[in-house]
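Note on naming: letters A, B, ... go to the chains in the order of the sequence lines (proteins, then strands), and numbering restarts at 1 for each one. Since this is a predicted model, take the numbers as computed values, not measurements.
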Number of protein chains: 2
Amino acid sequence: MEITKPYLLFLGDAKDALAAKTAAGVVDWRRDWCVGQIRLPGCQADVGLPDLDLAEGLANGAKTLVIGVVNPGGTLPEHWVDAIVEAVEAGLDVANGLHTKLGDIPRIAAAAEAHGRKLFDVRHSTERFRTGSGVKRPGRRLLTVGTDCAVGKKYAALALEAEMTGRGLDAEFRATGQTGVLIAGRGVAIDAVVADFISGAAEWLTPSAPADHWDVVEGQGSLFHPSFAGVTLGLLHGAQPDAFVVCHEPTRKTMRNVTHALPTIGQVIDATVAAGRLTNPDIRCVGISINTVALEEGPALAALDAAAGAYGLPACDPVRFGVAAIVDRLLAEFP
Amino acid sequence: MEITKPYLLFLGDAKDALAAKTAAGVVDWRRDWCVGQIRLPGCQADVGLPDLDLAEGLANGAKTLVIGVVNPGGTLPEHWVDAIVEAVEAGLDVANGLHTKLGDIPRIAAAAEAHGRKLFDVRHSTERFRTGSGVKRPGRRLLTVGTDCAVGKKYAALALEAEMTGRGLDAEFRATGQTGVLIAGRGVAIDAVVADFISGAAEWLTPSAPADHWDVVEGQGSLFHPSFAGVTLGLLHGAQPDAFVVCHEPTRKTMRNVTHALPTIGQVIDATVAAGRLTNPDIRCVGISINTVALEEGPALAALDAAAGAYGLPACDPVRFGVAAIVDRLLAEFP
């Protein structure tokens, strides 16, 4: 199941820029796939694309309306339904990362049926997975892991894919979250898979590949997060990474949405190696990715230097300074 | 959602005793809840209950027909539907541990609707869980963990509950698999929960309780099983056990359904303590449960002695010799 490109991004009446972070992510990493944005009255977000109506979007080649807005609860507001139905009637597929399934809204389902359009609910895979086999597959894999949720695992993976393909390597981002799936055009929201099939879904997502191919797999959660560590472990076992990069946000005091202290980068390295060896005995850490957005440039560079020195690994901010040093290390470790 | 007792156990046309292991488990642990068995022509299983027809079952007080048979794929055979519909029409609820949902079979759904009977699909919780909070709850919890799947975690937990309640302790078995749910009359098939909610479901299953209450939680999978470790970890984090018992089958050479070697009991103890500390810093191992069914009595006792000596913990076969020594240790550790 691959979402058809190019995209027309629907921002709805997003109340601020953060509410449109899904659309912003798509634009950051797949600008070429985006022909424009559609905003409803009152929308306070702008992802920097041309404002188009449906006819203009179609004239510019749009194939899929992407719901690029998140909201508390992940439900689709009733007052967006008219716009989505109109898009379907005009000939667009629709892709959606909210919890609400498009097909569960009768008017949208009926319009899609009547006009032969596809509805992509990226949080709800229709794939039937097998349980994980644990059998090592050909091809190389890199996984981003984290000291916490929401520390930049997706952006680190995308930056690594960009740096690697820019150097002529055969590398492909593998999405495991709803925004990642919209950015990749395919993937699996791994936290929405039935628990029995976490590692099996990760195996499906990163199949056998040529020996020099790298899957760059978006990590989820943290082995140290009391809400989500099971997802993280199943993904680690299924992805069988040869290499991993630890992602970290240095100003955070407690794990996201809970009161637990953050682990150190070193604890994450040790725990990831210990658990990851079950399905890849040669697993190793090749770098540290630090989200320094909350720091001035001087302290940001100092934080990277400190982490690099402490662990003997390249440390980068993928958005601010790029990930060249991590890819250098990766190529040194896996010539 | 609690399954109404007593049960009438449906064995269908089970091709051998193993196919009726769900029913056998219910009889082993909840004989008092079972009024009889219903067998179709050709049934090769017998769980030792009186053979009753529907009228006799109802006359003996049966409230729920329990589908006590498993089959490859977990689907409900078409030729059982008549018998199930008749049971519903006669006034029984139906409980089912197969993957197939009773309500997805139109004739069964229609009969339940028409006669106001309940259908319990124990693999498919209708509860909406929250993500795990990681916040420590009052009450005591014991979790059975394993070197592998299918090594006796459910039987160990049930034996511990029986020994503890027999000594007057306030202890309750908490079911996390479909057979366990039928034995307990309630619970959550934790491997069927959406991955994001594994630890949250475990928190829901083992709620705040009086300080001297013990939840005895049925473990799932193994931290060392490449297919299911994510489920095991989420359950460990959500259950927040004070105490755990490691379950082991000494003649097994590889992990179930995969080619990986079994971990040692010591590796399981260390990994469980390391991971479990995240939500319960005082977690400790209080015993070893060894399934010695494949051994003669002499070698069985020797295996228990060897494990007890190697780890300085009581080692029991819960079915063959009981778990008194583990409960002794538990009470010494938690007076």
Requested in this report: Please answer whether the main-chain N or O of B:Gly97 pairs with a side-chain N or O of B:Arg123 as donor and acceptor at a distance below 3.5 Å.
Outcome: yes
Ranked by heavy-atom pairs below 4.5 Å to chain A, first place among B:Asp196, B:Asn257, B:Val258 goes to B:Asp196
Scored by heavy-atom pairs under 4.5 Å with chain A, the best of B:Val193, B:Leu235, B:Ile198 is B:Val193
Sidechain-backbone polar pair: B:Thr279 side chain, B:His237 backbone, donor-acceptor under 3.5 Å: yes
Greatest number of non-hydrogen atom pairs under 4.5 angstrom with chain B, of A:Ala229, A:Gly238, A:Gly234, falls to A:Ala229
Does A:Glu2, at its CD atom, have more than 12 non-hydrogen atoms belonging to other residues, nucleotides or ligands within less than 6.0 Å? yes
Whatever's closer than 4.5 Å to a heavy atom in chain B on A:Leu278 counts as both
When B:Arg256, B:Arg252, B:Lys153 are each screened for side-chain hydrogen bond (donor to acceptor under 3.5 Å, both in side chains) with B:Asp148, the one that passes is B:Arg252
The interface call for A:Thr259 against chain B, heavy-atom contacts under 4.5 Å, is neither
If only atom types and distance count, is the side chain of B:Ser199 paired as donor or acceptor with the main-chain N or O of A:Ser227 below 3.5 Å?
yes
So, the part of A:Leu236 with a heavy atom under 4.5 Å from chain B: the answer is neither
